[in-house]
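Hydrogens, waters and symmetry mates play no part in the numbers below; they use all other heavy atoms, side chains included. All figures in this text were calculated on a predicted structure; none of them were measured in a lab.
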Amino acid sequence: MEKGTAIENVGLELRRGVIVLAALSQLRQDGYGYSVLKSLSEKGLEVDQGTLYPLLRRLESQGWLRSDWRVESDRPRRYYALSPEGEKALQQLIQEWKNMVVTINKILEE
């Protein structure tokens, strides 16, 4: 296996978990898929549509998101928002992320 490919694969693994946290954080208020993509992109996290839309459906099936169809500008869009379970999960994931960052920073500073 080429070194570049191995590094890219590890980078992709790191991003997968982060994308869940990032997407949930953007849905504290109602939003549709493209608005989440745009918001994440503006904050420096590029996510492919083919990654985000299946993720949103999976999070909804897990009970972390709720959704409904709305017609705005003559165009139907599925809006998502955190469910009460999703809000609890987000708070736990935020704490887990903060703990992990502290731990990894300690390890990297050694």
Next on the checklist: Going by ring pair (Phe, Tyr, Trp, His ring centres under 6.0 Å), name the pairs with one or both residues in residues 18-65, residues two or more places apart or in two chains.
Outcome noted: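 Matches after skipping sequence neighbours: Y32-Y79.
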Checklist entry - Which residue pairs satisfy the ring pair (Phe, Tyr, Trp, His ring centres under 6.0 Å) criterion with at least one member in residues 90-110, sequence neighbours excluded? => result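 For residues 90-110: none.
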Could you work out, with side chain to side chain contact (heavy atoms under 4.5 Å, CB included) as the rule, every residue matching [X], not counting sequence neighbours?
X: P76; value: W69, V71
X: L108; value: I104
X: E46; value: S41
X: S67; value: E60, R78, Y80

Residues two or more places apart in sequence or in another chain: which of them pass side-chain hydrogen bond (donor to acceptor under 3.5 Å, both in side chains) with [X]?
X: E42; result: none
X: N105; result: none
X: K98; result: none
X: Q91; result: E87

Next on the checklist: Under the rule for salt bridge (Lys or Arg N to Asp or Glu O under 4.0 Å), what residues qualify as partners of D68, not counting sequence neighbours?
Outcome noted: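 Here the qualifying residues are R70.
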Item to check | From CA spacing to verdict: side chain to side chain contact (heavy atoms under 4.5 Å, CB included), R28, L90 | outcome: CA-CA 9 Å; R28 290 176 174 143; L90 175 60; 3.5 Å; yes
Item to check | Chi angles and distances behind the side chain to side chain contact (heavy atoms under 4.5 Å, CB included) call for K43, Q26 | outcome: CA-CA 11 Å; K43 293 174 175 121; Q26 300 307 293; 3.0 Å; yes
Checklist entry - Thinking salt bridges, do D30 and R66 make one under a 4.0 Å N-O criterion? => result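 The answer is yes: the pair qualifies as a salt bridge.
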Checklist entry - What about L93 and M100, same hydrophobic cluster or not, with Ile/Leu/Val/Met/Phe/Trp/Tyr joined at side-chain heavy-atom distances under 4.5 Å? => result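 No: no chain of side-chain contacts under 4.5 Å links L93 to M100.
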Checklist entry - Are V10 and V20 connected in the hydrophobic side-chain network, where two residues link if heavy atoms are under 4.5 Å apart? => result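 Each belongs to a different hydrophobic cluster.
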Checklist entry - Is L65 close to L24 at the side-chain level, that is, under 4.5 Å between some pair of heavy atoms? => result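 L24 reaches L65 side chain to side chain.
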Checklist entry - Does anything in residues 11-22 pair up under side-chain hydrogen bond (donor to acceptor under 3.5 Å, both in side chains), and if so which pairs, sequence neighbours excluded? => result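 Sorted pair list comes back empty.
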Checklist entry - Taking S61 for the side chain and R58 for the main chain, is one N or O donor matched with an acceptor at less than 3.5 Å? => result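 Present.
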